[in-house]
Asks: 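Structure below; questions to follow.
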Amino acid sequence: MTTSMNNRPMRNGLHSRHFLQHQPAPAPVNGEVRRNLRKPIRIMKFGGTSVGDAGSIGKVVEIIRSAARESHVVVVVSAMSGVTNQLVAAASQAEAGDYQRVAAILAELRRQHDAAADALIHSSAERSSINRKVEELLQEGDRLCRGTMLLGELTPRTRDAISSLGERLSAPLVAAALAECGVASEAIEATELVVTDSCHGAADPFMDLTRERCHSGLRPLLELDIVPVVTGFIGATTDGILTTLGRGGSDYSATILGAALTADEVIIWTDVDGLQTADPRLVTGGRTIPEISYREAAELAYFGAKVLHPKTLRAVMQCGIPLWIRNTFAPERPGTKITPSGPASAAGVKALTALNEVALITVGGPGLAGVQDVLGRTFRTTAAVRADVLLISQASSQNDLCLVIASALGKGMVEALRHEFAHDLAHEPAKHIALDPTVAMVTVVGQNMRSVPGVVGRTFAALDRENVNIIAIAQGSSECTFSFVVAKQDVKTTLASLHQEFRLGNPRHLATAAGSAASDEDENYYQPWEPVATGRPNQEQ
Ligand code: ASP
Ligand code: MG
C-alpha cells in the first residue's frame with residue numbers, strides 16, 4: 001500500500017485543528033512564493049539523532065521556537081535514529097519469511113515512539129491521538145510485511161513503503177511537541193509536496209511540479225505563521241506512488257524544499273559541528289570548517305564525509321541558497337556555511353576524506369595490449385552492473401587500467417569483466433582482471449587546488465616520509481580534488497601526515513583559507529572538534 005497524494009492522511013489526523021481549506025493556488029511564478037511573507041524563509045532539517053528521543057526533540061523544539069520568531073520556518077525531519085535501519089531489517093525478515101522477527105521489530109518501534117510521545121506531550125487527548133497515529137502507521141507496516149511474506153519477494157516499491165514509515169512516525173511527533181510548546185505546527189507527508197521520478201530507492205524530484213505543490217501546500221501555512229513539519233526522505237511519483245530519495249536522503253529533501261520555496265537559507269541540524277577537516281575517528285586535532293564552497297562540500301560528501309547526503313547540493317546549486325550544517329546539541333557553535341563560491345581567496349587544501357569500503361579492479365596485462373576499445377568495453381560493463389566509478393587511472397602500454405568502485409560491487413564487476421573479455425583472454429591467466437579489496441581511497445579537497453603549485457608534491461613527499469605506498473593516483477575531474485589509493489592499513493597514517501603537512505588543524509590556516517582575518521578572538525570561533533552527542537561522526541541512521 002502506498003500513500004495516495006489525494007488522501008492527505010496526516011491532515012485528517014493529528015493536527016486537523018490547523019488544517020486550512022485553501023484553494024489550490026495557481027502555478028507559481030518564481031518569486032511569487034514570497035507574496036505576503038514578511039520574514040525570511042528558513043528550511044531546518046533535523047537528522048535522526050536530533051529527533052532520537054524525547055530529550056533531543058526538546059532541544060529541537062527550542063531551536064525551532066527561537067527561529068520562528070524572526071523567520072518563516074519549514075521543518076524537515078528524519079526518522080528517529082536507528083528506525084530506518086530497523087524498518088529495512090523488518091522488510092528483509094519479511095522477505096525471508098520470519099514473521100516473528102518482523103513483529104518484534106514493529107513492537108519495539110511502537111514502544112520507542114510511544115515512550116517519546118509520553119514524555120513530550122502532556123495533554124492526554126493529544127497523546128492518545130499520537131498513539132493512534134503510531135498504531136495506524138505500524139499496522140500499515142505490518143500489512144506491507146505480511147504481503148511481502150506472502151509473495152516471498154520484496155519489491156523496491158514495497159521496500160520504499162516500509163522504510164518510509166520512520167519519517168511518517170517522527171513528523172507527527174515533532175509537530176505535536178511544537179504545538180505543546182505553543183508553536184503552531186502541522187505535520188505534512190512529503191508525498192504531497194515532492195514529486196519524483198519512479199526510481200525507487202534513489203528517486204529524483206521533478207522541480208517544476210514540486211515547486212507548484214510546495215507553493216500551494218506550504219505557503220498558506222507560512223502566511224499564518226504555522227510551522228510545517230515535513231517528512232524527509234520521501235516523495236511520490238505523479239501517480240502518487242511513494243518513493244524514497246535514498247538512505248540519508250532527508251538532507252536532499254531539505255534542499256529540494258529550499259529550492260522550491262526560494263528559501264533564504266537551508267540549515268541541516270545534525271549531531272556534529274559541521275564539515276570537518278578530516279574524519280575525527282581517524283585524525284585527532286581536526287577542526288570544523290567555517291565556510292566552504294558548494295563544489296568542495298559536494299566533493300567531500302561524495303568522497304566519504306558522512307555528514308551530508310551526496311545529492312544535497314544538487315538542488316540548491318542553481319539558486320545559490322546558502323546551506324548551513326549545525327549541531328543540535330551545541331547550537332551556540334557557528335557550524336559550517338556552504339556558499340556558491342566559498343570564502344574569498346580560498347585556494348588550497350581544505351579537507352581530507354577517506355573511503356574504506358572500496359575495491360581496486362585492474363584490467364590489463366599483455367593479453368589486452370592489442371585489443372580494441374578496452375576502455376569502452378570496460379565502462380559499458382561498469383554501467384551494466386550500475387557501479388559508480390570513484391577513480392580511474394590508466395597506464396597505456398598494456399592497456400593497464402585501474403578502477404575504484406564500492407567494495408559491495410567488486411565481485412560482480414570482476415565476473416562481468418572476465419565475461420566481457422573472455423574471448424580476448426582465452427589464453428591468459430584470469431589474474432589479468434583482478435580485484436583487490438584491501439585498499440582505501442583518500443581524497444584531498446580544496447578550491448582551485450590546481451592553481452596552487454606543490455600540493456601534489458607535498459602530499460607525496462609527506463607520504464614518502466611515512467613509508468606509505470601509493471597504489472594508484474588520479475587528479476579529480478574538477479579542479480578541487482585529487483584522489484589516490486593506499487592500503488587500508490595505511491589510511492590513518494596517511495590522513496594524519498597530510499593533516500599535519502597542510503596544517504589543517506591550525507585555526508590560522510583555516511582562517512586564511514577562509515579569507516577572514518585571523519585574530520585572537522577567532523580562537524573561540526574555531527572550536528576543535530569534540531564529541532557532543534552519541535559518537536562520531538554523525539550517527540543518524
Ligand atoms: N531516515 C532515512 C535514513 O536513515 C533518511 C535520513 O535520515 O536522512 O536513511
Ligand atoms: Mg544524514
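Start at 1 and go down the list; that is how both ligands and their atoms are numbered. All heavy atoms count here, side chains included; hydrogens, waters and symmetry mates do not.
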Asks: Scan Arg168, Arg146, Lys133 and name whichever one has a salt bridge (Lys or Arg N to Asp or Glu O under 4.0 Å) with Glu140.
Replies: Arg168

Asks: Identify, by atom number and element, the atoms of ligand 1 in contact range of Arg247, meaning under 4.0 Å from any of its heavy atoms.
Replies: 3 (C), 4 (O), 9 (O)

Asks: Could a heavy atom of Gly48 be found less than 4.0 Å from some atom of ligand 1?
Replies: no

Asks: Applying side chain to side chain contact (heavy atoms under 4.5 Å, CB included), can you list everything that pairs with Pro331, at least two apart in sequence or on another chain?
Replies: Ile63, Trp269

Asks: So is Gly47 in contact with ligand 1, going by heavy-atom distances below 4.0 Å?
Replies: no

Asks: Could you tell me whether Arg127 and Asp118 make a salt bridge, using a distance below 4.0 angstrom between a side-chain N and a carboxylate O?
Replies: yes

Asks: Between the side chains of Asp208 and Arg211, is the shortest nitrogen-to-carboxylate-oxygen separation below 4.0 Å, so that they form an ion pair?
Replies: yes

Asks: Please identify which of these residues, Val444, Val445, Leu300, meets the side-chain contact (heavy atoms from CB on, under 4.5 Å) condition with Thr481.
Replies: Val445

Asks: Considering both backbone and side-chain atoms of Ser250, is one of its nitrogen or oxygen atoms within less than 3.5 Å of a nitrogen or oxygen in ligand 1?
Replies: yes

Asks: Examine Gly248 against ligand 1 and note whether any of their N/O atoms are separated by less than 3.5 Å.
Replies: yes

Asks: Is the backbone of Pro437 close enough, under 3.5 Å, to the side chain of Lys488 for a donor and an acceptor to pair up by distance?
Replies: yes

Asks: Between Glu167 and ligand 1, which part of the residue brings a heavy atom under 4.0 Å of the ligand: side chain, backbone, both or neither?
Replies: side chain

Asks: For Ser78, take its heavy atoms, then give the atoms of ligand 1 lying under 4.0 Å from any of them.
Replies: 6 (C), 7 (O), 8 (O)

